[in-house]
Amino acid sequence: MSHILKGELIRPLQIKASPLERQFYDIPTLELAKSLLGCLLIKETEEGVASGFIVETEAYLGPEDRAAHTYNNQRTKRTDVMFRESGLVYTYVMHTHCLVNIVSGGPEKPEAVLIRAIEPFTGIDLMKKRRGMADIKKLTNGPGKLTKALGISMEDYGHCIAEPPLFISKGFQPEEISQGKRIGIDNSGEAKDYPWRFWITENPFVSRKNNR
DNA sequence: TACGTGATGCCC
DNA sequence: GGCATCACGTAG
């Protein structure tokens with residue numbers, strides 16, 4: 001298994017895709033958002049397995065963050081899982097798209113990391129089929145795109161990310177990480193300027209080009 | 001750049 | 001019911 005980018009092999013030929021243990025997620029949310037960059041996100045379905053390296057994340061910091069669904073400790077049927085242990089999957093629907101988050105902060109703090117983009121690795125043909133397009137650069141460069149490509153849906157709500165069929169494994173170590181404002185939260189007062197979006201510098205599969 | 005889409009939750 | 005939201009695809 002190889003992975004080609006810009007005509008060169010830049011990823012390991014083989015990756016042991018074994019789930020990171022749940023304790024991996026017991027760190028502060030901003031650190032988790034950075035630590036997840038370069039990790040491999042994998043979904044196994046009856047259709048097949050598809051995976052990609054996480055290249056862009058955003059942190060949402062619970063009751064103090066006006067952009068977070070749990071602002072002011074709002075607990076609804078939708079946000080309930082964010083009040084539980086770190087490492088669970090928080091999926092929600094935005095318009096016609098499903099977005100995937102990893103719960104963080106522990107039961108005391110309802111926080112999460114949104115996965116905004118991945119770099120396709122395995123199961124690329126399956127991802128193309130699910131997305132109905134062939135351009136690899138646009139397969140998974142957005143939070144709604146990557147869930148469709150991997151087959152992630154509301155059925156994954158509350159699943160533990162340390163267990164198949166949806167899990168995260170060690171990937172590669174990013175050379176450099178960039179940081180900037182989050183996307184699509186213009187109506188969130190001061191919170192819109194918090195620099196809680198992280199991405200792998202110069203990676204071609206992030207959802208947007210650098211904005212700081 | 002602008003619009004239609006149509007899950008979810010909150011505010012009437 | 002009406003409106004806003006952590007998008008995306010298509011048309012112009």
Side-chain angles (χ1 to χ4, degrees), chain A residues 25 29-30 32-34 36-37 41 50 52 54-84 86 88-105 109-120 127-159 161 166 178-200 204-212:
Chain A
Y25 305 92
T29 300
L30 289 173
L32 180 63
K34 285 180 275 191
L36 284 172
L37 295 175
L41 178 64
I54 298 170
V55 297
E56 181 181 350
T57 58
E58 280 178 359
Y60 288 85
L61 298 196
E64 318 299 321
D65 180 3
R66 250 183 87 175
H69 290 158
T70 48
Y71 176 62
N72 213 12
N73 269 317
Q74 271 188 72
R75 187 168 186 163
T76 65
K77 189 177 179 184
R78 180 174 67 158
T79 63
D80 189 69
V81 73
M82 286 184 67
F83 292 82
R84 296 173 57 196
S86 303
L88 297 182
V89 173
Y90 170 41
T91 46
Y92 71 91
V93 175
M94 174 63 174
H95 293 276
T96 56
H97 305 282
C98 181
L99 277 61
V100 64
N101 301 250
I102 310 299
V103 173
S104 179
K109 289 184 288 180
E111 305 179 340
V113 176
L114 171 66
I115 299 176
R116 282 196 57 90
I118 65 173
E119 173 180 324
M127 292 196 273
K128 287 178 178 175
K129 179 185 159 197
R130 284 171 172 156
R131 294 272 291 114
M133 64 146 65
D135 186 349
I136 192 169
K137 290 281 202 52
K138 298 178 182 172
L139 268 190
T140 56
N141 64 337
K145 297 179 186 179
L146 73 92
T147 55
K148 188 171 182 185
L150 291 181
I152 295 172
S153 71
M154 287 307 293
E155 291 185 14
D156 295 300
Y157 183 94
H159 171 75
I161 196 66
L166 174 60
S178 295
Q179 182 172 4
K181 295 178 184 178
R182 294 174 292 181
I183 290 173
I185 53 167
D186 293 339
N187 209 352
S188 301
E190 287 187 6
K192 73 179 172 60
D193 293 325
Y194 298 164
W196 292 346
R197 173 180 174 235
F198 304 93
W199 67 94
I200 296 179
F205 298 93
V206 299
S207 65
R208 288 189 198 181
K209 287 306 165 191
N210 301 2
N211 65 329
R212 281 206 63 141

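Chain naming here is simple, since letters A, B, ... match the order of the sequence lines and numbering starts at 1 in each.
- Taking atom CG on D135(A) and atom P on dG9(C), their separation rounds to 11 Å, with Å as the unit.
- With a 3.5 Å ceiling on both atom-pair distances, dG6(B) lacks any Watson-Crick or G-U wobble partner.
- In this structure, R66(A) reaches neither bases nor backbone, as no heavy-atom distance under 4.0 Å exists between it and the strands shown.
- Side-chain N/O atoms of N101(A) include none lying less than 4.0 angstrom from OP1 or OP2 on dC6(C).
- No salt bridge links E58(A) with R182(A); every basic N to acidic carboxylate O contact stays at or beyond 4.0 Å.
- Within a 6.0 Å radius of NZ in K128(A), other residues, nucleotides and ligands contribute more than 12 heavy atoms.
- No hydrogens or angles considered: a donor-acceptor pair under 3.5 Å links the side chains of S207(A) and E56(A).
- At dG9(B), none of the side-chain N or O atoms of Q74(A) fall inside 4.0 Å of OP1 or OP2 (strictly under the cut-off).
- In a base pair of the Watson-Crick type (N1 to N3 plus N6-O4 or O6-N4) or a G-U wobble (N1-O2 and O6-N3), with each distance short of 3.5 Å, dC6(C) is matched with no nucleotide.
- When rounded to the nearest whole Å, the span between NZ of K77(A) and P of dG9(B) equals 7 Å.
- In the set dG9(B), dG6(B), dA4(C), dG6(B) carries the atom at the smallest distance from any side-chain atom of T96(A).
- In this structure, CE of M133(A) is placed 11 Å from C1' of dT10(C), rounded to the nearest angstrom.
- The distance between atom CG of N187(A) and atom P of dC10(B), rounded to the nearest whole Å, is 17 Å.
- When atom types are taken as modelled, the side chain of N101(A) and the backbone of Y90(A) share a donor-acceptor pair closer than 3.5 angstrom.
- Taking side-chain N and O atoms only, R116(A) has a distance below 4.0 Å to OP1 or OP2 of dA7(C).
- Here the P atom of nucleotide dG9(B) and the CG atom of N72(A) are 17 Å apart, to the nearest Å.
- For the pair R78(A) and dC10(B), the criterion of a side-chain N or O lying under 4.0 Å from OP1 or OP2 is not met.
- In this structure, NE2 of H97(A) is placed 11 Å from P of dT10(C), rounded to the nearest angstrom.
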Exercise. Take Y92(A) and H69(A), measure what ring pair (Phe, Tyr, Trp, His ring centres under 6.0 Å) needs, and give me the verdict at the end.
Key: CA-CA 10 Å; Y92(A) 71 91; H69(A) 290 158; 4.6 Å; yes
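- The phosphate of dG9(C) (OP1 or OP2) has a side-chain N or O of K145(A) nearer than 4.0 angstrom.
- Rounded to a whole Å, the NZ atom of K148(A) is 13 Å from the C1' atom of dT5(B).
- Aromatic stacking of H95(A) on dA7(C): satisfied, with centres closer than 5.5 Å and planes within an angle under 30 degrees.
- One interatomic measurement links the two molecules: CE of M94(A) to P of dG9(C), which rounds to 14 Å at whole-angstrom precision.
- Within the structure, a side-chain polar atom (N or O) of H69(A) is placed less than 4.0 Å from OP1 or OP2 of dC6(C).
- Note on K192(A) versus D65(A): no salt bridge recorded, every NZ/NE/NH1/NH2 to OD/OE distance being 4.0 Å or above.
- Taking every side-chain heavy atom of R131(A) into account, dC8(C) is the closest of dG9(B), dC6(C), dC8(C).
- Across the interface with DNA chain C, nearest-nucleotide mapping of L114(A) and K138(A) shows L114(A) to be the residue nearer the 5′ end.
- Ring-to-base geometry places Y60(A) in a stacked arrangement with dC6(C) (centre distance under 5.5 Å, plane angle under 30°).
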